[in-house]
Amino acid sequence: MHSTEGRAGRATRFDLMLAYGQWQGSGRHRHLPRGAAAAAEICARYAPRVDVPLSDATGDDFDVIAWPALFEQFRAAHELLRRHAPERVLTAGGDCAVDIAVIGYLAQRHPGLTVVWIDAHYDANTPATSPSRSLHGMPVSAIMGYAPGPMRELLPAPISADRFFYYGVRVGDEGDLEFQRQHGLALLDEARVSGRKLHIHFDLDVLDPDEFPHLAFREPGGPSVADAVSLVERLAATNDVVGLTITEFAPDSDAAAANGGMVIARLCDAALKGTERARDSGGGA
């Protein structure tokens, strides 16, 4: 297993921390910049930080709101990952669409990559089916080969349905659900996800909003923080986690950012604990 030292001096399995504060892909972006900045500060303890520059381009295209800015940021992230060539990436978002570039890179770097999508939402619309035209509702279809416009040309290794699993999903519109049905996208069965090169997408809105309220979209019925942290640790103990992306942190004050940030640190620590468990049992990568 490759390890580096994060800024706080702790051993980490991540080679690079991508600070990708994109907010334009969300339909409710008011507090996302604050959350992305807080998430990046925390995640930078675990690996060397690289920032994706944000664009001030305006306009819409390809049936996607704010497309020029989103595509400019996508290309910047794509180029940064290509240039730094990390084996393992920790990403602090931003909206969920930041993971299109990250998963696209990791799928090329690690053929056979499996993705566990931990999220309250299916995120599986396409530009043709999305009622909102917000890109953060389209990343699942994008990583499977249905990315809008020229983005698709930079994603040559789509994720197949048998290497994709949902956890915590409970909200979707007809476009999401039709994509899920057509492609047979399954819920996570931990017994089936073992010994894989794994990327974990963690949208914080999967959590029970009564316990974790720092969200733009509060969907009742999610797992507790403790259950979600335990899941990440188990996945890291039984797989080689090459990517972890944390998104959609939307605290409405600096105090809320500090409070919610403790959960982000717990998720990162869980990935490291799981790795340590695997190594101690002789099952590490």
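The shown structure was predicted, so the numbers you read here are calculated from the model rather than taken from an experiment. Keep in mind that the numbers below use all heavy atoms, side chains included, and drop hydrogens, waters and symmetry copies.
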Checking [X] side chain against [Y] main chain: does a donor-acceptor pair fall under 3.5 Å?
{"X": "Glu211", "Y": "Val225", "answer": "yes"}
{"X": "Arg170", "Y": "Gly168", "answer": "yes"}
{"X": "Asp15", "Y": "Glu87", "answer": "yes"}
{"X": "Ser224", "Y": "Asp227", "answer": "yes"}
{"X": "Arg196", "Y": "Gly112", "answer": "no"}

Can you find a heavy atom in the side chain of Leu135 that is under 4.5 Å from one in the side chain of Asp95? no
Please round to the nearest 0.5 Å and tell me the distance separating atom OG1 of Thr247 and atom CG of Leu204. 6.5 Å
Calculate, to the nearest 0.5 Å, the distance between atoms CD1 and CD1 belonging to Ile264 and Ile246 respectively. 5.5 Å
Is a side-chain donor-acceptor pair under 3.5 Å present for His136 with Asp203? no
Please check if any side-chain donor atom of Asp176 sits under 3.5 Å from a side-chain acceptor atom of His121, or the reverse. no
The residue among Asn259, Asp205, Asp252 that forms side-chain hydrogen bond (donor to acceptor under 3.5 Å, both in side chains) with His214 is Asn259
Per the side-chain hydrogen bond (donor to acceptor under 3.5 Å, both in side chains) rule, which among Gln73, Arg75, Glu72, Gln24 passes with Ser55? Glu72
Do Asp269 and Tyr46 pass the side-chain hydrogen bond (donor to acceptor under 3.5 Å, both in side chains) test, and can you show the C-alpha distance, the side-chain angles, and the key distance before you say yes or no? CA-CA 9 Å; Asp269 285 336; Tyr46 296 86; 2.9 Å; yes
Taking the six-membered ring for Trp and the full ring for Phe, Tyr or His, determine whether the centres of Tyr146 and Phe179 are under 6.0 Å apart. yes
